Participant: 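Got a structure for you, written out below as structure tokens; questions coming shortly.
Keep in mind it's a predicted model, so treat the numbers as computed, not measured.
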Amino acid sequence: MSPSEAAPVLRHQADGFALSAVGVSAGYGGGRRSRDVLHDIDLSVPAGQTLGIVGESGSGKSTLARALVGQLRPSAGKILLGDVEISALRGRRLRENRRRIQLIPQDPYASLDPRMTIRRALYEAIDPQGRRPAQAAARISELLATVSLDPDVASRYPHEFSGGQRQRIAIARALAVQPEVIIADEVTSALDSSVQAEVLNLLRSIQARTAITMLFITHDLSVANYMCDEVAVLYLGRLVEKGSSRLLFSPDHPYTRRLVDSIPNPRAGLSGLSAPEITGGEGADPANPPAGCAFHPRCPNGPRLRDDRERCITERPELLPRWDDTGDGDHRSAACHFPLSEVRAGLGD
């Protein structure tokens, strides 16, 4: 990329956002069988900060990750990397810009070729930069040191490492091309709590040193609270709440409230829990969500509570700024006709 092409990216990042999705919908299949499972997503990640994406299994978190890194083309909307609309690029320009955003997968073992040494896997990641072999070797040692692994392990194969070590290798490979944005997709879900804490602390340390922008996908609200500046909550492919991570435990949307209630003592730190289970009502097909508010069949605050809340069944709520009753000035948006802050204040009766 020429300096003239790079300049607008730097201006946009100075204005605040490294990654944005504008009205993004995405799904799977083709032709008449195509069904969106992600609907009208609007979000922006400030440069150098971490945005968390939370929700139960089937909420669309991994679909969103695939769309943002260019593995899945949106059926509507646009994705901006800096001020470059990456979702509209093709060919060489797409390949060039894809290097600027990297994915750390949930299962690093599946993403590593078992026949390749770690040295070879990292070399393949950095080789397009045109380094000479000596430069590449130095870069590989630097990457391994960055993730707290001895450079001597480069000659080993993936099966010779523990799960936590393989996740560190996956992080090193994502950093190999010096991306501006990293998407971490459930990177600690398969690790025990002690190793989970080590990996999370490593990511925080790397971000503190490099000011890299992160989008952190997790089902664990305690992890999101620890890692993220802001959090967006997905339900059946739609954003239902966004705000500062500190507001996770004083939510405005009943779905977020149920997520919090589904884990014991969410303020206790890194929980290492399995994906949350939401009780009450039946789950729905993400490709065919209910009319109105998609959460209404399971909502304890809507028509299941009072029969005068028919609008939850017929009218889809917009994601709008809401009154903040915490008194600390934190921002929040929720897609709910009867947000909990208004109900608590007696405004939603």
Participant: So is Arg35 actually on top of Tyr28's ring, under 6.0 Å and inside 45° of the axis?
Facilitator: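 Negative - Arg35 is either too far from the ring of Tyr28 or too far off its axis.
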
Participant: Is it true that Arg298 and Glu56 make a salt bridge, defined as a side-chain N closer than 4.0 Å to a carboxylate O?
Facilitator: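 Looking at Glu56 together with Arg298, the answer is yes, because their closest N to O distance falls below 4.0 Å.
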
Participant: Hey, are Lys242 and Glu230 close enough for a salt bridge, meaning a charged N less than 4.0 Å from a carboxylate O?
Facilitator: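 Result for this pair is no, no salt bridge flagged.
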
Participant: Hydrophobic clusters here meaning ILVMFWY residues chained together by side-chain heavy-atom distances under 4.5 Å, can you tell me if Leu202 and Val195 are in one?
Facilitator: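 Same hydrophobic cluster.
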
Participant: List the steps and the verdict of salt bridge (charged side-chain N to carboxylate O under 4.0 Å, His left out) for Glu124 and Arg173.
Facilitator: CA-CA 9 Å; Glu124 285 203 344; Arg173 191 169 60 172; over 6 Å; no

Participant: What I want to check is whether the side chains of Arg209 and Ser205 have a donor and an acceptor closer together than 3.5 Å.
Facilitator: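 Judged by distance alone, the side chains do pair up.
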
Participant: For Arg90, does the CZ atom have more than 12 heavy-atom neighbours from other residues, nucleotides or ligands under 6.0 Å away?
Facilitator: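 Yes.
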
Participant: Hey, does the side chain of Ser25 reach the backbone of Ser75 with a donor-acceptor pair shorter than 3.5 angstrom?
Facilitator: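 Looks like no, no N/O pair under 3.5 Å.
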
Participant: Hey, does Gln167 have a side-chain heavy atom less than 4.5 Å from the side chain of Ile104?
Facilitator: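 Contact flag for Ile104/Gln167 side chains = yes.
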
Participant: What orientation do Tyr235 and Phe295 show, parallel under 30°, tilted 30 to 60°, or perpendicular over 60°?
Facilitator: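 Perpendicular, since the angle between the ring planes exceeds 60°.
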
Participant: For Ser189 and Gln106, test the side chains for any donor-to-acceptor distance below 3.5 angstrom and give the result as yes or no.
Facilitator: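 Short answer, yes.
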
Participant: Just wondering, do Phe216 and Val54 contact through their side chains at under 4.5 Å, heavy atoms?
Facilitator: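 Sidechains of Phe216 and Val54: no contact.
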
Participant: Taking atom types as modelled, is there a side-chain donor on Asp220 or Thr218 under 3.5 Å from an acceptor on the other?
Facilitator: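 No donor-acceptor contact under 3.5 Å links the two side chains.
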
Participant: Do any N or O atoms from the side chain of Arg309 and from the backbone of Asn301 form a donor-acceptor pair under 3.5 angstrom?
Facilitator: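 Checked: pair present.
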
Participant: A side-chain contact here means heavy atoms from C-beta on lying under 4.5 Å apart; do Glu241 and Pro251 qualify?
Facilitator: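 Result yes, sub-4.5 Å side-chain heavy-atom pair found.
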
Participant: Assess whether atom CD of Glu318 is packed by more than 12 heavy atoms of other residues, nucleotides or ligands within 6.0 Å.
Facilitator: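 Incorrect, the count does not exceed 12.
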
Participant: Establish, from distance only, whether the side-chain atoms of Asn201 and Tyr226 form a donor-acceptor pair under 3.5 Å.
Facilitator: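 Yes, side-chain donor-acceptor contact under 3.5 Å.
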
Participant: Do Ser62 and Asp185 pair up side chain to side chain, a donor and an acceptor below 3.5 Å, judged on atom types alone?
Facilitator: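 There is such a pair between these side chains.
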
